[in-house]
Amino acid sequence: MAHCGDSMWGSFIYSLVVTDVCTGWTEAVPLLAREQNLVVAGLEAIAKQLPFPVLGIDSDNDSVFINDTLTGYCADRGIEFTRSRAYRKNDQAWVEQKNGAVISRFLDHERYSGQVAGQTIAHMHGAVWLYVNYFQPSFKLMEKTRNGSAVIKRYSPPATPCDRVIRHEAVGAEARAALAERRATSDPVALLRTIREAQSSLAAIVSPELRPTPRGESLERFLAKLPDRWRAEQEPTGREPRVKPPRHWRTRKDPFEGVWCDVLEWLQEDPDASAMALLGRLQADHPDRFSRANLRTLQRRVQQWRGIMADKLVYATSKSPPPELSGLPEMALSTGDPKC
């Protein structure tokens with residue numbers, strides 16, 4: 001979900017929201033760009049925080065989910081991956097209601113951008129995660145029947161996601177005690193105070209007098225272009241990718257030995273620079289050393305650098321993972337649509 005206002009400058013921060021269908025347990029992390037590798041990094045961070053193992057992921061049809069990166073991540077970890085039906089938004093009703101009741105409720109509909117805002121949102125998500133899952137009860141729909149034009153719904157008594165996890169038959173006594181102890185040592189009033197302070201900080205960040213000028217946001221613009229960067233760096237071949245075992249040794253001399261530090265300096269100055277442009281600068285400085293044959297190697301190096309730089313900016317805070325439980329059903333996953 002993108003939290004947007006009425007302005008269109010800069011790159012926007014998205015929230016990756018995960019909801020467990022069985023218990024209503026909800027997690028969220030900020031993403032500085034809509035990019036599939038960042039989604040996988042976000043899922044990896046969320047999986048460490050969940051009080052139960054991830055058995056399956058059910059996503060909407062957003063392109064950041066329907067790709068080889070996420071399907072490969074699920075296949076490597078034995079996670080069942082499914083998706084909702086096309087043009088059936090209600091298939092993601094579990095997470096869509098959390099987008100409104102949790103994410104939009106605490107972040108409003110303002111548009112945020114930049115690393116400082118990302119750190120503030122990550123800090124607030126840490127408090128929201130504890131408050132919503134441990135102290136905010138909610139109803140859960142148990143049965144829905146239709147009698148002509150009338151629809152009759154039956155709900156379970158209101159309970160917190162933590163209560164539902166503790167009452168689940170697959171949860172052991174030790175894990176229940178750990179969850180109960182964590183709830184007993186958490187202060188809901190202090191959590192609300194932390195949330196209010198983060199909201200005040202975000203309000204100050206989006207104030208017009210505190211906004212940085214777009215000219216000074218080269219890194220922000222670079223992150224915004226990450227989803228389309230792969231098209232400029234790699235041409236499609238029409239062939240199925242070959243699966244090769246990882247290789248940790250070098251088969252030939254490094255073609256960029258002695259000049260790679262110069263390339264890194266150029267990337268720091270202009271993160272949007274393509275591998276072709278960088279190769280052109282190398283050929284101008286070393287006309288007899290580099291040729292078109294070095295382009296693919298340079299593309300891989302630049303792609304790795306961009307992945308490292310983007311991954312460092314995904315999360316500013318981390319939460320200590322609770323004890324792992326087992327045997328709980330799957331979770332629903334969605335980012336929702338940008339509200340611009």
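Excluded from the calculations below are hydrogen atoms, water molecules and symmetry mates; all remaining heavy atoms, backbone and side chain alike, are included. Computed from a predicted model, the values in this text were never measured in an experiment. Residue numbers count from 1 along this sequence.
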* Structure fact -> Minimal heavy-atom distance between Ala28 and Ile103, with the atoms involved, is CB-CD1, 3.7 Å
* Flag yes if more than 12 heavy atoms outside Arg88 fall under 6.0 Å of its CZ atom; otherwise flag no. => no
* Do you see a donor-acceptor pair shorter than 3.5 Å between the side chains of Trp25 and Glu27? -> yes
* Check: Val64 main-chain N/O paired with Asn67 side-chain donor or acceptor under 3.5 Å -> yes
* Quick one: pull up CH2 in Trp266 and CG in Leu278 and give me the separation to the nearest 0.5 Å. => 7.0 Å
* Which heavy atom of Trp129 sits nearest a heavy atom of Thr26, and at what distance? -> CD1-O, 3.8 Å
* Tell me whether Leu264 is reachable from Leu298 by hopping between hydrophobic residues (I, L, V, M, F, W, Y) whose side-chain heavy atoms are closer than 4.5 Å. => yes
* Separation of Arg300 CZ from Leu295 CG (nearest 0.5 Å) -> 10.0 Å
* Once you round to the nearest 0.5 Å, how far does OG of Ser104 lie from NZ of Lys98? -> 13.0 Å
* How would you list all residue pairs meeting salt bridge (charged side-chain N to carboxylate O under 4.0 Å, His left out) that involve residues 135-152, not counting sequence neighbours? -> Glu143-Arg154
* Asked: Can we say Glu44 and Arg77 salt-bridge, meaning some charged N sits less than 4.0 Å from an Asp/Glu carboxylate O?
  -> yes
* Any donor-acceptor N/O pair, Asn133 side chain to Cys162 backbone, under 3.5 Å -> no
* Pair Thr297-Asn294, side-chain hydrogen bond (donor to acceptor under 3.5 Å, both in side chains): steps then yes or no -> CA-CA 6 Å; Thr297 302; Asn294 302 118; 5.7 Å; no
* Test item: Thr23 side-chain N/O and Asp20 main-chain N/O as donor-acceptor pair under 3.5 Å -> no
* For the pair Arg289 (side chain) and Gln283 (backbone), establish whether a donor and an acceptor sit closer than 3.5 Å, ignoring hydrogens and angles. => no
* Structure fact -> Closest heavy-atom pair, Ser59 versus Gln92, reported as atoms and distance to 0.1 Å, is O-NE2, 3.3 Å
* Closest non-hydrogen atom pair, Ser84 against Asp60 -> OG-CA, 3.5 Å
* Structure fact -> Tightest non-hydrogen contact, residues Tyr112 and Leu107, listed as OH-O, 3.2 Å
* To do: Using the rule that two of Ile, Leu, Val, Met, Phe, Trp, Tyr join whenever any of their side-chain heavy atoms come within less than 4.5 Å, decide whether Phe135 and Phe139 are in one cluster.
  => no
* Heavy-atom pair of closest approach, residues Ile79 and Tyr73 -> CD1-CE2, 4.3 Å
* Asked: Under 6.0 Å between the ring centres of Phe290 and Phe256?
  -> yes
* Between Arg301 and Trp260, is NZ or CZ placed under 6.0 angstrom from the six-membered ring centre and within 45° of the ring axis? -> yes
* Asked: Charged N to carboxylate O under 4.0 angstrom, Asp163 versus Arg183?
  -> yes
* Sidechain-backbone polar pair: Arg176 side chain, Val171 backbone, donor-acceptor under 3.5 Å -> yes
* Counting only heavy atoms not in Asn147, do more than 12 sit closer than 6.0 Å to its CG atom? -> no
